[in-house]
Every structure is written in structure tokens, then in C-alpha cells.
Amino acid sequence: MASSGAATTVEQGGDASISALHSDIITSHILTRLDGPTLASAACASSQLHAFSAEQTLWKDICASTWPSVSDERVEGIISTFPSGHRSFFSDSFPLLDHSSWPQFDPSRLAPASELISAVDIFYKGELVFSKVQETETETGWFLCSPFRIDLLEQKETVPTPISHIGDTNESLKHLEENLTLSWIVIDPAQKRAANLSGRKPVSVTRHWLTGEVQLRFATIMPGDRRGEFVQCGVVVTCKGSDGGKLQVREVSMQMEAMEGNHLNGKESLVILQGAIEGGKRKRESEEGSEGKARFGEFLEMKRERKERSQRRERALDMICIATGVTLFMAFWSFVLFR
């Protein structure tokens, strides 16, 4: 009898579905507890969940908790113009850019953006330590012709953090590498698109031998303006100790570096950034977060190989010039002595 009752219970439970729950319970007590990727997965489970998951308030709260900087009034206004509002913004910004293959997109067909918006957040052990929104005008002659660089702090400006200055050993650098994360989202208001250009975890952490400042480098490798060319979108976070024993953020900046080691100007960088934002493939980062570091290592290896090829060409050219000079010298004196 007991087994028969249990079977009846299972059969009754098997007939139950999410539609049996009141919509208020689903939207107010279930979906609000999900993070962005889980909410996106839930939306694919049924048409009812898809409709509930389209609620803008859910995605707005998720975006604000994931990236506090997007709560800025200016950024919220831009996100509201996206095709699906905060849901579109999350879809653009949460996955990392994947440039393992050349994107099937021609960025030259886009009109140049009049401005780019940077929404930047730095976390230590999951706690926010720095947040800022920066607007960059991209139509001025100075921006287009000068080396591309976005600085979030003035030259002598520092931002205090709760991070303890835990020493000068390699273990302390490893600690920062494992616990400090960055999100740098670049928004193109004209195209109503965005992309996260940081690798979240640093690809290198070094200490300056003289000043003792700690420099954390974050990098995203993306295609250049020619096939086979790659550029590094690098973000540098520089920290220094204070009298109170806490680290202070002294620099947060972004630059674009080519394989030759030179920094791209604003015009070149704008084309590449727009191509990445509009046509770059996205993929979810693994739990280890090691793809960015591996890709950065590949980029450094390509730089090294290109530098060696350039040096070999220069040495060969030098030898040709020397041989030509010696030949002309001998020919001249042969003419003088034996005429």
C-alpha cells in the first residue's frame, strides 16, 4: 500500500509544471534570485518563462549588480535605447570577445562614432573598490591623430581602496592576480552596442623595481585592420602603498598596441573598436579564466617572431649595403690604379 501511494504521488508530481505557480511568485521570488546567464537559460525553457524573463526590471537589476557603473544616469539613458534595453546590453557585455578567428564584418561600413562611453568597475574578492564612467569625444583632430589613450584618473589623483599592502613578495603579486578583477565596457551610443574589452583577470602583475608600484595588465587581443594582423587592447591598473598600509589606485588607462610595439592613434583604434563592438564574436569565460592569459602569451610570441624577422631583414640589408660599398670602393681604386 505504501509503495502504491508513493507511486501515485510521483505521478501527480510529474503532471505539475511551472504554469501551476502564480506569476507573481515566479517573477518576484524565483527569477529575481537568478544571475544573468541563468536567467537567459530559463528564458529558453518555455514560452511563459521567456515572457517573464523579458521584464526590463530584472535585467536592469542584474546589470546594476554586475557592473555598478552602469547605474550612472547617462549610461542608463543610453542603454534604454538598445533594441531590448538592459537585456541587449547584458548580452553584449557579459560574454568576452572571442577573436580566435577573423570576424565576418567590415567595420569601414560604419559611420565613425562621435563618442565612446567607458563604464569601468574594479573588484577585489568580489567587492567593488573602483567605479567610474568616462565619456571620450572621438571627432576632434587631437583624438584622431594622437596615440589612443583613455585615462580615468588625473596625473596626481589617487583612489583609496580597502586592499591591504600585503608585502613585496611574489606571493603578494600572485594574491592580487587571483583576487583583483576588472570590467571595462565600451559603449557605442550611435550603434546601440557595447563590448567588454577587459579579460576580467590580469594577464600579468609586476612590481616596479624603483618605486615599488604594482602594475596589473589586462588585455584583449583583437584583429587589426589587415588580415593576419592583431592588436592588443591593453588596460593598465597601477597601485601604490599608502601610509595607512592600504593600496591606492593611481592609474587606470587603456591603449591599443600593434604587433610592432607601436601604439595606434585614435582614428586607427576607433575603426578596430567599432569592428569589435559590432562584429566581434562573444563567448562565455571559463571558470579558470585562463584564455585571456594564454591569448596574451600568443600575442607576445607573435611580436617576438615579427621583431626577429625584422632584425634579420635589417641585418641582410646592412650586409648588402656593406658589400655594395666594398665593391664600389674596390672598383674605384682598380680604375685609378690600372687605367
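Being a predicted model, the structure only gives us computed values, none of them experimental.
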ask   = Under 3.5 Å, is there a donor-acceptor pair between the D121 and S69 side chains?
value = yes
Distance (rounded to the nearest 0.5 Å) between L96 CG and T220 OG1 = 7.0 Å
query = Can you check whether N265's main-chain N or O pairs, donor with acceptor, with E268's side chain at less than 3.5 Å?
reply = yes
key: Side-chain H-bond candidate by donor/acceptor type, S53 with R87, under 3.5 Å   = no
task = Report yes or no: do Q48 and S46 form a side-chain donor-acceptor pair below 3.5 Å?
result = no
inquiry  = Under 4.5 Å between side-chain heavy atoms, counting indirect links through other Ile/Leu/Val/Met/Phe/Trp/Tyr residues: same cluster for L273 and W142 or not?
reply    = yes
remark   = When every non-hydrogen atom of F82 is compared with those of A194, the smallest separation belongs to CE2-N, 4.1 Å
task = Report the C-alpha separation of K303 and E257 in whole Å, then their side-chain angles, then the decisive distance to 0.1 Å, and conclude whether the salt bridge (charged side-chain N to carboxylate O under 4.0 Å, His left out) test is met.
result = CA-CA 11 Å; K303 279 183 59 178; E257 181 183 353; 2.5 Å; yes
key: Side chain proximity check, F296 to Q232, heavy atoms < 4.5 angstrom   = yes
message = Measuring only between side-chain heavy atoms, which start at C-beta, is Q215 closer than 4.5 Å to V205?
response = no
note = The reported gap from CD1 in I163 to CD in Q248 (rounded to nearest 0.5 angstrom) is 11.5 Å
request  = Taking the side chain as every heavy atom from C-beta outward, state whether E301 and E305 have any atom pair closer than 4.5 Å.
outcome  = yes
query = Is there a side-chain contact between P162 and V129, using heavy atoms and a 4.5 Å cut-off?
reply = yes
request  = Verify salt bridge (charged side-chain N to carboxylate O under 4.0 Å, His left out) between R193 and D188, making sure each step is shown before the conclusion.
outcome  = CA-CA 6 Å; R193 295 294 303 272; D188 184 349; over 6 Å; no
inquiry  = So does F143 get a backbone contact from the side chain of S146, meaning a donor-acceptor N/O pair under 3.5 Å?
reply    = no
query = Taking the side chain as C-beta and beyond, is there a heavy-atom pair between F332 and V336 under 4.5 Å?
reply = yes
query = Which heavy-atom pair separates S269 from F148 by the least distance, and what is that distance?
reply = OG-CB, 3.2 Å
key: Side chain proximity check, W184 to M254, heavy atoms < 4.5 angstrom   = yes
key: E251/R149 ion pair, N-O < 4.0 Å   = yes
message = Against the six-membered ring of F218, is R295 placed for a cation-pi contact (under 6.0 Å from the centre, within 45° of the normal)?
response = no
message = Would you say CD of E308 has more than 12 non-hydrogen atoms from neighbouring residues, nucleotides or ligands within 6.0 angstrom?
response = yes
ask   = Quick check: does any side chain N or O of K132 sit under 3.5 Å from a backbone N or O of L152, one acting as donor and the other as acceptor?
value = yes
message = Would you say that more than 12 heavy atoms from the other residues, nucleotides or ligands in this model lie under 6.0 Å from the NE2 of H50, or not?
response = no
query = Does L173 share a hydrophobic cluster with Y124, counting links as ILVMFWY side-chain heavy atoms below 4.5 Å and allowing steps through other members?
reply = yes
Test log, rule ring pair (Phe, Tyr, Trp, His ring centres under 6.0 Å), inputs W67 and F90 = CA-CA 10 Å; W67 310 292; F90 186 89; 5.6 Å; yes
query = Between T66 (side chain) and C63 (backbone), is there a donor-acceptor pair under 3.5 Å?
reply = no
ask   = Taking it one step at a time, do V231 and I272 satisfy side-chain contact (heavy atoms from CB on, under 4.5 Å)?
value = CA-CA 9 Å; V231 300; I272 293 172; 4.0 Å; yes
task = Give a yes or no on whether the backbone of I150 and the side-chain of S253 come within a donor-acceptor separation of less than 3.5 Å.
result = no
query = Which heavy atom in H86 sits nearest to a heavy atom in Q56, and how many Å separate them?
reply = N-OE1, 2.9 Å
key: Steps toward side-chain contact (heavy atoms from CB on, under 4.5 Å) verdict (V252, D151)   = CA-CA 6 Å; V252 184; D151 282 294; over 6 Å; no
request  = Compare all side-chain heavy atoms of L116 with those of I187 and state whether any distance is below 4.5 angstrom.
outcome  = no
ask   = Same cluster or not: are M330 and I320 linked, directly or through other Ile, Leu, Val, Met, Phe, Trp or Tyr residues, by side-chain heavy atoms under 4.5 angstrom apart?
value = no
request  = Identify whether L128 and L180 are in the same connected component of the hydrophobic contact network (ILVMFWY, side-chain heavy atoms under 4.5 Å).
outcome  = no
request  = Specify the closest pair of heavy atoms between Q274 and A113, including all atoms of both residues, with the distance to one decimal.
outcome  = NE2-N, 3.6 Å
request  = Would you check if there is a donor-acceptor pair between the side chains of K246 and S164 at a distance under 3.5 Å?
outcome  = yes
key: Stepwise side-chain contact (heavy atoms from CB on, under 4.5 Å) test for C239 and L216   = CA-CA 8 Å; C239 303; L216 300 97; 4.2 Å; yes
request  = Answer yes or no: is there a side-chain heavy-atom contact under 4.5 Å between R74 and E135?
outcome  = yes
message = For a quick test of reading the model, state the closest non-hydrogen atom pair linking A40 to W59 and the distance between them.
response = N-CH2, 4.0 Å
key: Connected via hydrophobic side-chain network under 4.5 Å: V235 and F123   = no
inquiry  = One pair to check against side-chain contact (heavy atoms from CB on, under 4.5 Å): E260 and E229. What are the steps and the verdict?
reply    = CA-CA 10 Å; E260 290 78 9; E229 293 286 325; 4.3 Å; yes
request  = Quick one: closest heavy-atom pair of D35 and T38, and the distance?
outcome  = OD1-OG1, 2.5 Å
message = Let me confirm one number: the CD1-CG distance from I185 to N196, rounded to the nearest 0.5 Å.
response = 5.0 Å
ask   = Checking salt bridge (charged side-chain N to carboxylate O under 4.0 Å, His left out) for the pair R217/E177: CA distance, chi angles, key distance, verdict?
value = CA-CA 10 Å; R217 176 172 290 275; E177 181 179 349; over 6 Å; no
query = Taking atom CZ of F89 and atom OG of S84, what is their separation to the nearest 0.5 Å?
reply = 14.0 Å
task = For the pair E213 and R250, find out whether any cationic side-chain nitrogen is under 4.0 Å from an anionic carboxylate oxygen.
result = yes
key: Value rounded to 0.5 Å, distance of CG in L153 from CZ in F130   = 4.5 Å
inquiry  = So for atom CD, which belongs to Q311, do other residues, nucleotides or ligands contribute more than 12 heavy atoms lying within a distance under 6.0 Å?
reply    = yes
ask   = Once you round to the nearest 0.5 Å, how far does CG of L39 lie from CZ of R33?
value = 14.0 Å
ask   = For E154, does its backbone N or O pair with a side-chain atom of E157 as donor and acceptor, under 3.5 Å?
value = yes
